[in-house]
Amino acid sequence: MLRRSLIRAGETCAFHLRAALARALSRSAPPAAPPSPTGYPTAQQPAAPYQTQQTPPQYPGSPYPGTPYPQAPQPPGQPYPYPQQPVPPYGMPPQASPLQGAAPYALPPQFPPQAPLLNQPSNRLRFRLPRGRWGKVAVVAGVLVLLPPVTLLGAYLWMRAQQPQTSGSVAIPGNGAPAEIVRDNQGVVHIFAATERDAYRALGYAHAQDRLWQMETMRRAGAGRLAELIGTKYGDFALRTDRLMRTLGVRRSAEAMEATLSPDARTAFEAYADGVNAYLATRSEGLPVEFQLLRHTPEPWTVADSLVWAKLMALQLSANYRDELFRSRLLDRLSPSQVDDLFPSDSPGSPTTLASDLRGMDLRETVRRTLAALPRIGFDTASNEWVLTGPRTTTGKPILANDPHLGLEAPILWYLARIVTPDFTVTGATVPGVPLTILGHNGKVAWGFTTTHGDTQDLFVEKPDPQDPARYLTPDGSQPFETHVETIAIAGEASQSLTVRRTRHGPILSDLDASPAGGPAGPVLSLSFPGLADDDTSAESLYRLNHAGSAEGAREALRLHVAPQQNVVYADVAGEVGFITAGRVPIRRKGDGRVPVPGWTGEYDWTGFLPYYALPQAVNPPSGQFVNANNAVVGRDYPYRLATEWPDPSRAKRIVEMLGNGRHSVEDAARQQMDIVSLPGRDFLPELLKYPAPPGLASDAAALLRGWDGRMDRNRPEPLIFTAWLRELVRVVFADELGPDFASYWELRPEALRHVLNERPEWCDDVTTPQKESCADMVARSLEAAVAMLAERHGSSPKSWRWGDDHRVALTHRMLSRLPLIGGKADLSVETDGDFFTVNRGSTATGDPANPFRHVHGAGFRAVYDLADLENSRFVIATGQSGNIWSRHWGDLVGLWRDGGSLRLAGDRGTLVAAGAEVLTLTPRNTGTSTK
């Protein structure tokens with residue numbers, strides 16, 4: 001009773017914090033940043049608290065196709081979580097609240113005092129201050145003395161009451177055998193169960209205990225229901241995301257994917273959903289504070305909710321359509337050769353140009369509107385992976401290293417978990433909301449992923465039928481648009497309707513900023529992408545990869561992978577290693593996929609996909625190694641087109657350099673993952689130092705750089721000087737020609753600068769001035785401007801500057817970090833090494849005027865797999881296992897991650913318990929033997 005009373009009291013207090021949150025969020029925010037793959041609102045455009053209103057919003061009766069989310073019946077005798085009334089099903093207006101009034105976050109209404117009734121006796125105790133001045137002073141002093149410790153004690157007890165139960169036993173609904181969730185000293189869960197079904201149910205329970213808010217925002221982002229939760233009072237990012245997700249049909253696509261699951265895979269996803277819902281039904285602690293602040297109660301979990309994540313990642317890791325739009329805009333102001341200068345590439349193909357069929361068509365307004373309406377659904381993506389054969393290791397068996405790079409936040413995307421059953425074991429990185437292990441090993445096979453950056457998306461320009469705007473032109477004549485209306489609920493506002501149209505190529509993106517009644521008269525843009533296909537079997541592929549018994553089994557599992565296209569390295573305990581670029585790659589009749597193409601002629605249509613045997617792949621290479629860090633997968637002799645350009649190859653070059661021809665240990669691989677040598681800092685910088693530096697501070701800074709080895713050490717000034725110089729040089733060289741489009745191009749681009757300095761010096765002339773500038777002028781000007789900016793930030797002594805003063809990793813909770821009092825607890829940021837080009841990735845927010853060197857993107861998870869002894873494999877994530885800021889596992893892995901430490905996820909139950917692990921037993925109420 002005490003625990004539940006504390007929970008209720010704490011939840012009530014949390015509602016008062018909403019006012020503080022509103023004030024914090026209403027402060028001016030930095031420029032907008034991209035969201036994460038989970039769907040969290042960004043720090044720059046944070047979640048707006050739930051707003052009350054006098055007129056309930058009109059929620060849609062049936063969001064995305066089909067029925068609303070089901071609502072689980074409330075068990076008899078169990079009190080409802082806040083609010084103290086049943087939560088209506090989605091689609092019904094909420095009940096009126098006593099707090100509803102003219103303004104959100106208002107205090108309860110102040111009722112006028114009631115006139116006393118004469119001669120009416122009262123049995124209530126009355127508190128009276130003592131008579132006399134000193135008596136009153138004594139009471140006030142006592143209150144002042146007692147209030148702080150009582151408040152602190154209450155806050156401590158409330159925070160403790162927010163922690164999930166991690167030991168003892170919980171009775172949960174359903175059949176099956178008991179399963180144990182063993183949490184070690186770092187909060188990593190080791191699940192011991194009799195069957196896979198029981199294990200996946202336990203994983204769902206554990207994920208919900210530790211990361212429920214992350215799971216909720218992920219499924220809502222994919223379903224297009226963020227604005228329903230956080231509104232638009234503090235920015236329209238949530239609404240724009242909802243419009244994109246509804247237009248693409250992400251939730252519908254996830255439901256279609258559910259139909260592709262085999263019976264075994266479906267059992268895994270259903271058991272996981274059962275585990276999440278068991279936690280919602282049996283929790284003894286309050287909901288995470290984010291739910292309390294927004295007055296939100298989560299709906300039951302479904303299989304499609306888990307599959308939404310696969311669709312979100314496919315979109316984030318395949319977002320070529322934005323590049324096509326950007327190139328199209330650039331071609332309005334630049335020549336094709338100038339555009340190629342901006343994106344130097346070694347890939348085959350002639351300079352980019354618009355298709356001849358589009359030369360008479362003005363697409364500028366369509367492209368402008370579409371780009372403006374598109375939210376960024378994640379940072380640019382990258383990863384490292386390499387695998388060595390037995391002869392190249394000190395163990396005689398393969399060693400595989402992998403660290404995926406995504407946007408950084410707190411909590412991090414990843415969650416470490418290990419499942420042990422009599423017939424199945426899997427260990428590695430999971431994602432809360434998903435039952436499968438995304439990256440890891442199963443005791444027989446280990447695998448790792450990097451993104452291919454293949455071009456698997458195309459934008460088609462469609463012509464509406466001049467005689468009937470409800471139809472569009474095709475090679476076979478006019479066809480009707482497929483059309484339906486989506487209703488988007490918005491917290492605190494009236495719902496919005498969005499008319500979604502599709503063509504034979506896919507959904508129309510150019511409708512994002514409007515809800516056309518009959519469609520605009522001009523051209524529209526539709527998107528083709530394998531990841532939106534109804535027959536996407538990627539989830540089934542991952543399930544089978546989790547269960548692969550050999551390298552051959554891994555290859556067979558990857559036959560079913562559709563999107564996103566991934567470079568997969570794998571190895572088995574028998575010693576075989578392999579590499580394959582898995583996923584559907586379109587075959588185009590014409591064109592290279594760089595810019596939008598005509599859709600009405602059929603000339604640029606896809607004719608199919610590359611067959612599995614034609615995808616780049618190999619096993620047991622003569623060199624003894626496969627290395628990929630998003631560099632080009634194939635050379636000029638490859639007969640098919642995967643992409644027309646590839647990301648910067650610096651990390652791959654450095655990995656190959658470190659590996660050499662020698663033999664390496666697990667410890668060597670872990671150290672190599674932490675390497676901080678920037679090849680542009682080491683190899684491109686000397687080209688800049690050939691130019692004379694201006695006298696004064698710029699000359700002092702250049703002198704420091706002359707003796708630098710290119711290591712991006714957080715304690716050194718040279719990394720800060722070099723990065724600021726490179727950033728400014730990109731601006732002075734390209735901003736004048738690109739004009740308003742420069743903001744989208746502004747990143748650190750050493751290869752483009754090298755190309756300009758060596759081959760195309762005309763870019764150095766500032767076209768906005770009457771005089772003609774040389775590259776020497778621009779190099780000097782940019783250095784001078786960079787050091788002036790650094791002097792303003794850190795003082796006039798370059799020797800005292802430090803990379804770590806500005807290069808701090810952005811491990812912050814997107815909402816709670818902006819709250820007073822607890823905001824500091826929600827921020828796990830620390831100084832870090834590395835940069836965009838180092839193996840230990842430390843990418844920065846180059847275009848952010850306030851924090852251009854902030855570390856926003858990198859390896860949130862690292863793993864090294866020892867195929868000689870997989871229990872000797874190493875793992876680490878960037879924050880901690882818990883998403884609860886008051887948990888001891890909220891940020892307990894930050895230091896270990898930053899400094900190159902790792903964990904071993906191994907040991908039987910007895911060993912773990914002897915080392916201090918906690919054991920929570922989940923016991924089904926209807927006990928019995930469950931099957932796989």
Flag for Asp305-Thr302: side-chain donor and acceptor within less than 3.5 Å = yes
ask   = Charged N to carboxylate O under 4.0 angstrom, Arg327 versus Glu324?
value = no
inquiry  = Less than 6.0 angstrom from the centroid, inside 45 degrees of the normal: does Arg589 satisfy that with respect to the ring of Tyr604?
reply    = no
task = Give a yes or no on whether the backbone of Asn384 and the side-chain of Asn628 come within a donor-acceptor separation of less than 3.5 Å.
result = no
inquiry  = Minimum heavy-atom separation for Arg504 and Pro475, please, with both atom names.
reply    = NH2-CD, 3.3 Å
ask   = Quick one: are the ring centres of Tyr745 and Phe343 less than 6.0 Å apart?
value = yes
request  = For the pair Arg588 and Asp455, find out whether any cationic side-chain nitrogen is under 4.0 Å from an anionic carboxylate oxygen.
outcome  = yes
request  = Would you tell me whether Asp536 and Ser538 have side-chain atoms, one donor and one acceptor, within less than 3.5 Å of each other?
outcome  = yes
key: Glu540 side chain vs Ala265 backbone, donor-acceptor pair below 3.5 Å   = no
message = Does the plane of the ring in His547 sit parallel, tilted or perpendicular to the ring in Tyr543? Use 30° and 60° as the thresholds.
response = tilted
inquiry  = Side chains of Glu462 and Thr503 only: does a donor on one sit below 3.5 Å from an acceptor on the other?
reply    = yes
request  = Apply side-chain hydrogen bond (donor to acceptor under 3.5 Å, both in side chains) to Ser650 and Asp648, showing your working.
outcome  = CA-CA 6 Å; Ser650 296; Asp648 185 275; 2.4 Å; yes
task = Examine the side chains of Thr644 and Asp592 and answer whether a donor and an acceptor come within less than 3.5 Å of each other.
result = no
query = When Glu486 is tested against each of Arg252, Arg251, Arg501 for salt bridge (Lys or Arg N to Asp or Glu O under 4.0 Å), which residue passes?
reply = Arg252
task = Work out which heavy atom in Leu413 is nearest to a heavy atom in Gln214; give both atom names and the distance.
result = O-NE2, 3.1 Å
